[in-house]
Amino acid sequence: MKVSNKTSCMVRPAEPTWSGKLALSELDQTGVTTHVPTIYFYAQSPEDWVTVIQTLKTSLSCTLVHFYPLAGRLSAIAGGRLELNCNAAGAQFTEAYTDKKLIDLDSLLPSPIYHQLIPSIDYQSSLLEEIPLLVLQVTRFVCGGFSLGVNISHVVADGQSALHFVSEWARISRGELLESPPYLDRKLLRAGEPPRAISRSEHAEFDPPPILIDQSGNEKESEKETAVTMLKLTATQVEKLRRKADNGQKSDTSRGFTRYETVTAHIWRTACKARNHKPEQPTALAICIDVRSKMRPPLPRKYFGNGIVNAIATGFSGEIVSKPLGYVSCKIREVIEKVDDGYVHSVLDFLKSQQDLSLFRELQPTSNGEEHFYGNPNLGVISWLTLPIYGADFGWGKEIHMGPGTHDSDGDSLILHGKDGDGSLVIALCLQMRHMEDFRKVFYQDIDVE
C-alpha cells in the first residue's frame, strides 16, 4: 500500500487555556511512557473530503480547550522525573491519501500496513520537549472511506482517559456539547511528603521478570521476529472456559471466575505450551489494573491521567500447564484482589522515594532487549472489557472497525469485546512467529478438552 501527499499541521486549542507546569503522579511517569496507538476505520462520508478534514480539525481545536494537557509537552526535571508543560503547543494532525480501497485490507486486522496509517514517533532523534503528546493521521482511501490513526502519550492518558477524549471529540464533531469534562487535578494520586519507606521486596513487580533458564539475558528472545493475530472467542466458548475454571478449582467462595480471570488463564497456559517451556521454567504474567474504583474514596469517574498499576502473577510453566484452569485463574484472582487503596499508596510511596525514577519507565518501544521484557517466557494481558472502545461517530456514522494499532512486542495481548455485542471476545496477540501456529492450534483445542 502506498500512502502519499502527507501534510501536517499543529492544531491548537480554540481558546486560551490554563498555562503552566502540571505536576504528574508517579503512575504517570513509570512503566510504558511511549505513545499508544489505536485506529478507527470509517465507510464513505456523505460530505466532501474538504468538509470532513475541516470538521475534524475545528472540533479537535474545540475539544483541546477542555483536554488542554494533550496540547502540551513533556520536560525532564531532577531525579529522572517528568513534568507536563501546558503550553498549548498543539496536537499534530496529518492528512494523507492511499491508493487502496478499504476492502483491500484483509478484514482490517492488524498488519504492517498499520505503520503507514498511524503516525509514528521518533524518540531517538527528537527532543523530549518537542514531541507532541497527541498525534493523529486521517487517511483517505480511493473508495471514499477513511481511517483515523490516534497516537496518545501514555504519560498523559491511560486507556480510559484516551477513550474519554476520543468520545468527547466525536461528540463535539457531531455538533453536540461536551458531556463529561475531564478531571485534571492529579494530586489525588500523589505520594505523601515525605513518602513512607517501602522496601523493594514488597513490590516485586518492579524487579526484572524471568528469563529462559538456558539463557543469560533476554536479548535473543527480544530480537526474534513476531507476528500479530486476532483470535475470536464466541460467547459459548467463553462460557465453556468459565465452567471449566469454576469446576476445576475447589474454593470456599461461591463467586465464579470472571471472563478476564478465565480467558487470561487460558492465554497463559496456551503460551506456556506453544513456547514449549521446560516444566521448571519460571514465568510471569503482567496484569494491568484500573484503580479508579479501588481508591478510598474512589477517584472521580472522569479522572484524566493514569489510574492504573501493574501487578504480577508468577508460577512455573509445568504447574501452569498441568494444573486445572481454575488453579491458574485463582493465581490471577489473588493478584488482582491484593490491589486496594493501601496497595496503590504503597506503590506511590515506593516510587516517590526513588532517587532516579527514569529507571522505572520505558521511553522507548518495549521490544528493545531491556531488562523488563515481557516476551518469552512471560506475558502481558490487558483488558479492554470495561472500556467504551466502540461507537466513535464524528458525524458520518460509527466506525466499521476499531482496534489496537501496531504492537510488535512478543507477549503483548489485549482482550476486547466483539463488535456485535453478542458476548463474544477478541484476543489481539503478538507472539514470536515461530510460536504463533502452535498457539492458535492449542488455544482452540484446549477449550473442548474436559
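All heavy atoms count here, side chains included; hydrogens, waters and symmetry mates do not. From a predicted model like this one, the values you see are computed outputs, not experimental measurements.
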Notebook entry, point to check: Under 3.5 Å, is there a donor-acceptor pair between the side chain of D340 and the main chain of Y343?
Noted result: yes
Margin query: Looking at every heavy atom in both G305 and R292, which two are closest together, and how far apart are they?
Written below: O-NH2, 3.7 Å
Check: Backbone N or O of C430 within a donor-acceptor pair of the T226 side chain at under 3.5 Å?
Finding: no
Item checked: Donor-acceptor contact present, side-chain T30 to main-chain E26, <3.5 Å -> yes
Notebook entry, point to check: Run the salt bridge (charged side-chain N to carboxylate O under 4.0 Å, His left out) check on D446 and K273 step by step: do they pass?
Noted result: CA-CA 11 Å; D446 279 7; K273 291 182 180 181; 2.5 Å; yes
Checklist line | Any side-chain heavy-atom pair of R140 and T98 under 4.5 Å | finding: no
Note to self: For K220, I'd like to know if atom NZ has over 12 heavy atoms of other residues, nucleotides or ligands within 6.0 Å.
What the structure shows: no
Notebook entry, point to check: With Q54, which residues qualify under side chain to side chain contact (heavy atoms under 4.5 Å, CB included), at least two apart?
Noted result: T58
Check: Between R440 and E437, is there a side-chain N and carboxylate O pair less than 4.0 Å apart?
Finding: no
Notebook entry, point to check: Crowded around K224 NZ? As in, over 12 foreign heavy atoms under 6.0 Å?
Noted result: yes
Margin query: Given 3.5 Å as the limit, does a donor-acceptor pair link the side chain of S329 with the main chain of L325, or not?
Written below: yes
Next item on the list: Show your working on side-chain contact (heavy atoms from CB on, under 4.5 Å) between C86 and T17 and close with a plain yes or no.
Entry: CA-CA 8 Å; C86 295; T17 57; over 6 Å; no
Next item on the list: Determine which pairs satisfy salt bridge (charged side-chain N to carboxylate O under 4.0 Å, His left out) with at least one residue from residues 11-24, sequence neighbours left out, and list them in order.
Entry: K21-E83
Check: For Q116, which residues count as a side chain to side chain contact (heavy atoms under 4.5 Å, CB included) partner, sequence neighbours excluded?
Finding: M1, V3
Checklist line | Closest heavy-atom pair and its distance - H35, P132 | finding: NE2-O, 2.8 Å
Margin query: With a 4.5 Å cut-off on side-chain heavy atoms, are L56 and V138 touching?
Written below: yes
Item checked: Side-chain donor-acceptor pair present, H277, N376, cut-off under 3.5 Å -> yes
Note to self: With a sphere of 6.0 Å drawn around NZ of K6, does it hold more than 12 non-hydrogen atoms of other residues, nucleotides or ligands?
What the structure shows: yes
Note to self: Would you say S346 and H203 are linked by a side-chain donor-acceptor pair, where the criterion is simply a distance under 3.5 Å?
What the structure shows: yes
Margin query: Could you tell me if the side chain of P46 sits less than 4.5 Å from the side chain of W396, heavy atoms only?
Written below: yes
Margin query: If we count only N and O atoms by modelled type, under 3.5 Å, do the side chains of D28 and N306 hold a donor and an acceptor together?
Written below: yes
Notebook entry, point to check: So, do V238 and T236 sit near enough that their side-chain heavy atoms are less than 4.5 Å apart?
Noted result: no
Notebook entry, point to check: Side-chain contact, heavy-atom cut-off 4.5 Å: W169 with L178?
Noted result: no
Next item on the list: Check whether any side-chain heavy atom of N151 lies under 4.5 Å from a side-chain heavy atom of L136, and answer yes or no.
Entry: no
Note to self: Can you tell me if R174 has over 12 outside heavy atoms packed within less than 6.0 Å of its CZ?
What the structure shows: yes
Next item on the list: Please confirm whether H266 and F443 have ring centers closer than 6.0 angstrom.
Entry: yes
Next item on the list: Taking the side chain as every heavy atom from C-beta outward, state whether L117 and F41 have any atom pair closer than 4.5 Å.
Entry: yes
Note to self: Using a 3.5 Å distance criterion without hydrogens, assess whether the side chain of D158 forms a donor-acceptor pair with backbone atoms of G307.
What the structure shows: yes
Next item on the list: Apply side chain to side chain donor-acceptor pair (under 3.5 Å) to the pair Q432 and E225, showing each step before the final yes or no.
Entry: CA-CA 6 Å; Q432 289 178 20; E225 188 174 1; over 6 Å; no
Notebook entry, point to check: Using 4.0 Å as the upper bound for N to carboxylate O, is an ion pair formed by R434 and D410?
Noted result: no
Check: Side chains of P404 and L416: does their closest heavy-atom pair fall under 4.5 Å?
Finding: yes
Next item on the list: Sequence neighbours left out, what passes ring-ring contact (aromatic ring centres under 6.0 Å, His included) with F67? Give chain and number order.
Entry: H164, F165, F304
Note to self: Nearest 0.5 angstrom please: T34 OG1 to I152 CD1, how far?
What the structure shows: 12.5 Å
Notebook entry, point to check: Could you give all pairs that pass the ring pair (Phe, Tyr, Trp, His ring centres under 6.0 Å) test and reach residues 126-152, with sequence neighbours left out?
Noted result: Y42-F146, W49-F146
Next item on the list: Determine whether the side chains of Q137 and T139 contain a donor N or O and an acceptor N or O closer than 3.5 Å.
Entry: yes
Margin query: Quick one: does any side-chain atom of Q92 pair with a main-chain N or O of L134 as donor and acceptor, under 3.5 Å?
Written below: no
Notebook entry, point to check: Would you call D438-R275 a salt bridge at under 4.0 Å N-O?
Noted result: no
Show me the side-chain donor-acceptor pairs of residues 68-81 shorter than 3.5 Å, one per line, residues at least two apart or across chains.
unit_1, atom_1, unit_2, atom_2, d
R73, NH1, G90, O, 2.8
R73, NH2, G90, O, 3.1
R81, NH1, G79, O, 2.8
R81, NH1, Q354, O, 2.8
R81, NH2, L351, O, 3.3
R81, NH2, K352, O, 3.1
R81, NH2, Q354, O, 3.0

